[in-house]
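Report on the structure given below.
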Amino acid sequence: MSFFGDYGGLYVGETLVTPLLELKQAAQNALQDDTFWSEYNELLRQYVGRPSPCYFAQRLSGSLSNVKIWLKREDLNHTGAHKINNTIGQALLAKRMNKHRLIAETGAGQHGVATATVAALMGYECKVFMGEEDIRRQQPNVQRMKLLGAEVIPVSSGSATLKDAMNETLRYWSDVVDDTFYVVGTVAGPDPYPWMVREFQKVIGAESRCQMLENAGVLPDCVIAAVGGGSNAIGIFYSFLSDDAVELVGVEAAGRGLDSGEHAASITAGRVGILHGAKSMLLQDENGQIREAYSISAGLDYPGVGPEHAFLRDAGRVRYETITDKEALEAFKQLCKFEGIIPALESSHALAQAFKEVKNEKNRNILICLSGRGDKDLQHVQKILKNL
Ligand SMILES: *Cc1c(COP(=O)(O)O)cnc(C)c1O
């Protein structure tokens, strides 16, 4: 269970092995317990606003040739993205384990906000570790976290961004595991996080599969999602894995182009290595040092990817493609114009890939995970459009 083929595992220092095995046991018990799921489902209904719609984008589809585009509207969730599905699950697990404090890493601040939100909801103390560079770039989310009662801890080591924040959170956790639960933000990190987070995000695909059968009368020919660490993607893919006719496409950020070196395409352009306690595909330099990832969308610039994605790529079940900043920005504008929906820049990568997939005749129904809304990206987009 702790490996996906050769990927995954639990490559951590000795002090964290026992806590992680305890967490795994607690997660396994909880996930087999109906009362756990009913509490989780009730919060998703009443607090998050699920089920999110699976919306037929009629005008956008009309602008393309002979294809129906369906949008899974994770942007309509409370806090504006899919991340809350996961933080609710982990916070409920923390309660079962009698932990009183939550800690989390964050890059762009989206996961930090989702963790601070559930901490306020359930009455936990909360600390969020964030690189100093990211604190500078993502002030609105820093202010949100503080307003929600979380303490934001600046991390100055390394490049002072997400990978350093996650290293620091793991280090800090090993000193305080007795009363503290570490809420990881994506399907990365040591066992059990990759499969545990997937279990909390698979609601996206479970709902979508029923909604497609109900609304479209068929399963989609193709399902597309953006891949940062890979949690919204695995979340929507999971219920379709055994539907062989459904093609699954994960989209990595090509940033300024794969040749430029400024991108976040860990599967497409990375190598096997170990980061944050797991073996997966990583961006590395010639010495095996982790390279800084770059993307126009802060949520995609993680230098690794969840181990299950590396496995699904090798198994040939999921195809991984890349989309540049420029292509994502163009897709962002199209969705605003045709549907009155401002998507997150992350989700815009999935949209841009859909515009390429329509060229394949077989694709009559394409389902896209609209992982989040773009309000957070407005300033950034305005600045870029002005400079063009
Ligand atoms: C964080 C984020 C992502 C990327 O994270 P995954 O774990 O790959 O899903 C994608 N979209 C949005 C809106 C995000 O906030």
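Atoms within each ligand, like the ligands themselves, are counted from 1 in listed order.
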Which N or O atoms of ligand 1 sit under 3.5 Å from a protein N or O, and how far apart is each pair?
| from | atom 1 | to | atom 2 | distance (Å) |
| --- | --- | --- | --- | --- |
| ligand 1 | 7 (O) | Thr186 | OG1 | 2.6 |
| ligand 1 | 7 (O) | Gly230 | N | 3.3 |
| ligand 1 | 7 (O) | Ser231 | N | 2.8 |
| ligand 1 | 7 (O) | Ser231 | OG | 2.7 |
| ligand 1 | 8 (O) | Gly228 | N | 2.8 |
| ligand 1 | 8 (O) | Gly229 | N | 3.2 |
| ligand 1 | 8 (O) | Gly230 | N | 2.7 |
| ligand 1 | 8 (O) | Ser231 | N | 3.4 |
| ligand 1 | 9 (O) | His82 | NE2 | 2.9 |
| ligand 1 | 9 (O) | Ser231 | N | 3.4 |
| ligand 1 | 9 (O) | Ser231 | OG | 3.2 |
| ligand 1 | 9 (O) | Asn232 | N | 2.8 |
| ligand 1 | 9 (O) | Asn232 | ND2 | 2.8 |
| ligand 1 | 11 (N) | Ser371 | OG | 2.7 |
| ligand 1 | 15 (O) | Lys83 | NZ | 2.7 |

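At distances below 3.5 Å, not a single donor-acceptor pair connects side-chain atoms of Glu252 with backbone N or O atoms of Thr322.
Lys99 NZ: more than 12 foreign heavy atoms inside a 6.0 Å radius.
The six-membered or imidazole ring of Phe4 lies away from that of His309, with a centre-to-centre distance of 6.0 Å or more.
For residues 273-307, the ring-ring contact (aromatic ring centres under 6.0 Å, His included) pairs, not counting sequence neighbours, are His276-Tyr302. Within the structure, ring-ring contact (aromatic ring centres under 6.0 Å, His included) pairs that include any residue of residues 139-171 do not occur (at least two apart or interchain). Within the structure, ring-ring contact (aromatic ring centres under 6.0 Å, His included) pairs that include any residue of residues 348-388 do not occur (at least two apart or interchain).
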